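Down below is the structure, laid out as C-alpha cells.
Since we're looking at a predicted model, the values are computed, not measured.
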Amino acid sequence: MAKKRVLVVEDDDRVRKVEALILACDSLEVIEAPGGRQALDLLDQEQFDLVVLDLMMPEVDGMQVLSAIRQRPETEDLPVVLVTAKNNDRDMLEGFKGGANYYITKPFEPRELVDSVELILGVRLEG
C-alpha cells in the first residue's frame, strides 16, 4: 500500500518537528514546510493527502494558505487540519468556514493529532 503524504506547515521549528515525529509511521510520509509561502510552493509541485496547518505565521498565514487550497481545483478537496493557539469559538468558526476539516488548539495532546489524521485518512498510525 502506498504511503499517505502529509504536509506539516508550522513556522516554529520545535513544534513542526514534534508534529512530524508524532505522525512518523510506516503508513505516512511526512513533509515539512516552515511557512505558508513554502507550503504553497510545495502544493504547486507535489500531491498530498492531508495538510496539518498552523494559522499564525509571518508573511503568508494559515488562513491565506487554506483559502488558496480551497480556491485551486486540484486541491479544493484536500483535507486540512488546523493546529493553532487561537482557541476561542470565533476563531474555530472562522477556521471551519474557511474550509478546515478539523481544528486542534495548542497546546495539544499527541493523541488529538493522531486521532484527527486517522479519522480523515482512514489509516492506523499505531500498532
Residue pairs fulfilling salt bridge (charged side-chain N to carboxylate O under 4.0 Å, His left out) with at least one residue in residues 36-45, sequence neighbours excluded
Arg37-Glu59, Asp44-Arg72
Who are the side chain to side chain contact (heavy atoms under 4.5 Å, CB included) partners of Gln47, not counting sequence neighbours?
none
Leu50 vs Leu28 side-chain heavy atoms within contact, under 4.5 Å
no
same_hphob_cluster(Val15, Val60) at 4.5 Å side-chain heavy-atom cutoff:
no
List the atom of Leu121, the atom of Asp49, and the distance in Å for their closest heavy-atom pair.
CD2-O, 3.5 Å
Inter- and intrachain pairs under side chain to side chain donor-acceptor pair (under 3.5 Å), touching residues 14-26, at least two apart:
Asp13-Arg16, Arg16-Glu32, Lys17-Glu32
On a heavy-atom basis, the closest approach of Ala100 and Leu66 is N-CD2, 3.8 Å
Which residues satisfy the side chain to side chain contact (heavy atoms under 4.5 Å, CB included) test with Asn88, sequence neighbours excluded?
Arg90, Asp91
Would you sort out whether Gln71 and Ser67 count as a side-chain hydrogen bond (donor to acceptor under 3.5 Å, both in side chains), showing the intermediate values?
CA-CA 6 Å; Gln71 289 173 13; Ser67 177; 2.9 Å; yes
Leu7 vs Val52 side-chain heavy atoms within contact, under 4.5 Å:
no
Side-chain heavy atoms of Val9 within contact of Asp54, under 4.5 Å:
no
With a 4.5 Å cut-off on side-chain heavy atoms, are Val51 and Ile69 touching?
yes
A side-chain contact here means heavy atoms from C-beta on lying under 4.5 Å apart; do Lys106 and Glu10 qualify?
yes
Could you check whether any side-chain heavy atom of Leu23 comes within less than 4.5 Å of a side-chain heavy atom of Val117, counting everything from C-beta outward?
yes
Residue list, salt bridge (charged side-chain N to carboxylate O under 4.0 Å, His left out) with Glu109, at least two apart or on another chain:
none
Any link between Leu78 and Val123 through a network of hydrophobic side chains (Ile, Leu, Val, Met, Phe, Trp, Tyr) touching at under 4.5 Å?
no
How long is the gap from CG on Leu125 to CD1 on Ile22, to the nearest 0.5 Å?
10.5 Å
When you measure from the side chain of Gln64 to the backbone of Asp61, do you find a donor-acceptor pair of N or O atoms at a distance under 3.5 Å?
yes
Test side chain to side chain donor-acceptor pair (under 3.5 Å) applied to Glu74 - qualifying residues, sequence neighbours left out
none
Can you sort out the partners of Asp115 under side chain to side chain contact (heavy atoms under 4.5 Å, CB included), two or more places apart, ordered by chain and number?
Arg111, Glu118
Could you tell me if the side chain of Pro34 sits less than 4.5 Å from the side chain of Asp11, heavy atoms only?
no
In one Ile/Leu/Val/Met/Phe/Trp/Tyr side-chain cluster, 4.5 Å: Val8, Ile104
yes
Side chain to side chain donor-acceptor pair (under 3.5 Å) contacts in which one or both residues fall within residues 94-105, not counting sequence neighbours:
Arg70-Asn101
Kindly give the heavy-atom pair with the smallest separation between Val30 and Ala24, and that separation in Å.
CG2-N, 4.4 Å
Using the side-chain contact (heavy atoms from CB on, under 4.5 Å) rule, take Glu29 and Ile31 through it: C-alpha gap first, then chi angles, then the decisive distance, then the call.
CA-CA 7 Å; Glu29 178 184 355; Ile31 291 85; 3.7 Å; yes
Just distance, no hydrogens or angles: give the donor-acceptor pairs under 3.5 Å from side chains in residues 79-86, sequence neighbours left out.
residue, atom, partner, partner atom, Å
Thr84, OG1, Lys86, N, 3.0

Going by the rule side chain to side chain contact (heavy atoms under 4.5 Å, CB included), which residues pair with Glu46 if we only count those two or more places apart in sequence or in a different chain?
Arg5, Leu42, Phe48
